[in-house]
Protein chains: 2
Amino acid sequence: MPEQSPGSRPTLEAVAARAGVSRATASRVVNGGDGVRKPLVDKVLKAVDELGYIPNHAARTLVTRRTGAVAVVIAEPETRFFSDPFFSQQIRGISKELTAHDTQLVLLLVEGPGDFDRIARYLAGGHVDGALAFSLHTDDPVPAMTRRAGIPAVYGGRPSWTADPGDQAVPYVDADNRGGARLAVQYLRDLGRRRIAHIAGPADQTSAMDRLDGYRDVLLDVDPTLVADGAFTVESGARAMAELLERRPDLDAVFAANDLMASGALRVLRERGISVPGQVALVGFDDMDSVASETDPPLTTVGQEIEGQGRLMARLLLRALDRERTGSGDVPESVITPVTLVRRASA
Amino acid sequence: MPEQSPGSRPTLEAVAARAGVSRATASRVVNGGDGVRKPLVDKVLKAVDELGYIPNHAARTLVTRRTGAVAVVIAEPETRFFSDPFFSQQIRGISKELTAHDTQLVLLLVEGPGDFDRIARYLAGGHVDGALAFSLHTDDPVPAMTRRAGIPAVYGGRPSWTADPGDQAVPYVDADNRGGARLAVQYLRDLGRRRIAHIAGPADQTSAMDRLDGYRDVLLDVDPTLVADGAFTVESGARAMAELLERRPDLDAVFAANDLMASGALRVLRERGISVPGQVALVGFDDMDSVASETDPPLTTVGQEIEGQGRLMARLLLRALDRERTGSGDVPESVITPVTLVRRASA
DNA sequence: CTGAAAGCGCTAACAT
DNA sequence: ATGTTAGCGCTTTCAG
């Protein structure tokens, strides 16, 4: 492989010359070689190899109007993005899927409100073919930006303003939070538990609200004293558990909206000498990697395919891009990914 | 702001026409407006605004040969990248610095050995102007790739094959691990501790080895039974602590190579009823966000500016790029960032 | 200080 | 099946 000094890279012209064909033919070969006779294909490939030819991306983009890159917009002002293993796994899934389709991932971190302008310019600047974004809030500017930029987008997590997965405006991928919650609570009830409490997540996250709804689906007209608010953190789970215990010392089960809060609850339960699952059965949500299986006892929880969700997001976007190119195919629809109950020892 | 349907965006030509100037002048204005008379500048700017003109990036790159993007190569086969808050903070720093210089961040996740080819092609394909990469191992392919691609690169963490920061071949940014370790051990000694143990990090990470070296710098000819191996995880710290306690029940201080291991050690110490810092003083390293200040007692530790390191990496790279463009300025040199002892309650 | 003109490297009609 | 040609939208000499 020849070493290149910058700015002196061989062009398609050079390849064509060396192979003794026209630039057009060389181009055809480089792009798949459809409709070029074998011997010529070989000649060109040989020239490509010998010259160490690599297509100039800018030139290609200029004429095709496709960049081969998509943006991943992370608009989490809080440090949540990186600390939350949730995101990381989704990114991994996205990265894998994009990579498999020779598409690059441009990371757009929103560091502050002023950044939206920059991001909007970037999206509109033809740098990327599409965008992926996460957990939109009611007034989130991202959808408007992608619309204005005229590029397709797919979102992770149900946007807060759509309750209906059929809403075509903003295709998203989300776990079946509500169904998962039902699964968990149903399971606790089948265990014979009658006073099943819930530690809810923050009200501004749809996943938390959907899980709460699922809980209520099963426990119609549940006593409000059985529901405590948490913030998806270990500490908040502990606090909520203490609060519940105070209000309802008679509770015999807890469904926590995520594993982090479940582990906090577990700690409090242990401190008070309450046996799990003997006296209180506990179910979490997420099946979070280094949490659910590490607690004592290990958590029974609702598992989801987080990396798969990332892959799916990417796949939906790629499909939309393909549709743009070929002018056919179906508009991407939101997908709700399935969840499963993972039985361990806590319930 | 006019909404754009894809493929119909106004060109510089349109702007020029509307402003009644030539494309050349319009271009000059768009690129800073040097040497164009005020009234014309205003006219062009007005046209830009009215038309919602955004420069076509591909066209610009094609002629300038600059992409305005840099790659961040993450070659951590392990999931370490995302789980380790270390990386996240560095990325944040990098992102901030790049953003401030209107440069985009392209994330290149290496998912497997086969990916190196793809990455190499990408780097050589003129998609990015430079590259940032992390913690190189002895046989790491990244330096060769960037060299071949003819683009400058800056690394995070001292590569395992250079002991000397003056080595110009591979400019890197790293914390003063050795100095920090000295600081920690010195401090313990000044506290009057005489049997200071060390929980070391994995031998294949230079940061771990540098910290071990620092420990030895202060405690010349230290008894090997006072050093236990860990793996930078909580669990490994706990195991190492137990091991040390068994070997050296007389120890009166521990310097752990990072906070995670220190917190594991702390747990074991507590379980055994050993008071901290009363009987055993404990110092960590990193001042890791949700760890060091949350333990009981909070950790005395060696703090470093992780985000600052990221910024610095980006800054060095940007400087190198500038040098390429202007043909002047100095070659980037490796930088060792300072560390400080953060006193809390554990020592 | 401004404009005209020449490409950057590539793809995609259109010919042949 | 292959070659010819006309741009994609922009920057940058070079003239004026």
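Worth knowing before you read on, the calculation uses all heavy atoms, side chains too, and leaves out hydrogens, waters and symmetry mates. Throughout, a chain's letter reflects where its sequence line sits, starting with A, and its residues are numbered from 1.
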**Asked** When A/L318 is tested against each of A/T103, A/D129, A/V154 for side chain to side chain contact (heavy atoms under 4.5 Å, CB included), which residue passes?
**Response** A/T103
**Message:** What's the separation between atom CD in B/Q104 and atom OG in B/S95, rounded to the nearest 0.5 Å?
**Reply:** 8.5 Å
**Asked** Taking DNA chain C as the partner, which of residues 17-25 of chain A come within under 4.0 angstrom of it by heavy atom?
**Response** A/R23, A/A24
**Prompt:** A/R60 side chain: which of C/dG7, D/dT13, C/dT11 is closest?
**Reply:** C/dT11
**Request:** Rounded off to whole Å, could you give me the CG-to-P distance for the A/D34 and C/dA12 pair?
**Result:** 12 Å
**Request:** Would you indicate which nucleotide in D/dT11, D/dC10, D/dT13 comes nearest to any side-chain atom of B/Y53?
**Result:** D/dC10
**Message:** Using heavy-atom distances to pick each residue's nearest nucleotide on DNA chain C, tell me which of B/K38 and B/A59 is more 5'.
**Reply:** B/K38
**Prompt:** So, is B/N31 near the phosphate of D/dT11, with a side-chain N or O under 4.0 Å from OP1 or OP2?
**Reply:** yes
**Request:** Round to a whole Å and report the spacing from CG of A/L62 to P of D/dG7.
**Result:** 14 Å
**Message:** What is the separation between atom CG on B/L12 and atom P on D/dC10, rounded to the nearest whole Å?
**Reply:** 5 Å
**Message:** If the condition is side chain to side chain contact (heavy atoms under 4.5 Å, CB included), which residues does B/N56 pass it with, not counting sequence neighbours?
**Reply:** A/L62, B/A58, B/A59
**Item:** Close aromatic pair by centroid cut-off 6.0 Å: B/Y155 and B/F134
**Value:** no
**Message:** I'd like to know whether CD of B/E305 has more than 12 heavy-atom contacts from other residues, nucleotides or ligands below 6.0 angstrom.
**Reply:** no
**Request:** Report yes if some heavy atom in the side chain of A/R37 is under 4.5 Å from a heavy atom in the side chain of A/V41; otherwise report no.
**Result:** no
**For atom CZ of A/R66 and atom P of C/dC10, their distance in whole Å** = 18 Å
**Message:** Less than 4.0 angstrom between a side-chain N/O of B/R28 and OP1 or OP2 of C/dT2, yes or no?
**Reply:** no
**Request:** Report yes if a side-chain nitrogen or oxygen of A/S27 is closer than 4.0 Å to either non-bridging phosphate oxygen (OP1 or OP2) of C/dC10; otherwise report no.
**Result:** no
**Item:** base_contact_polar (D/dG9 base, B/R9 side chain, donor-acceptor, <3.5 Å)
**Value:** no
**Prompt:** If we only count heavy atoms from C-beta on, is the A/L109 to B/I91 side-chain gap below 4.5 Å?
**Reply:** yes
**Prompt:** Rounding to a whole Å, what distance do you find between A/E13:CD and D/dT4:C1'?
**Reply:** 12 Å
**Asked** Hey, is the side chain of B/R65 poking within less than 4.0 Å of OP1 or OP2 on C/dG9, counting only N and O atoms?
**Response** yes
**Minimum-distance nucleotide to A/V36 side chain [options: D/dT2, D/dT11, D/dG9]** = D/dT2
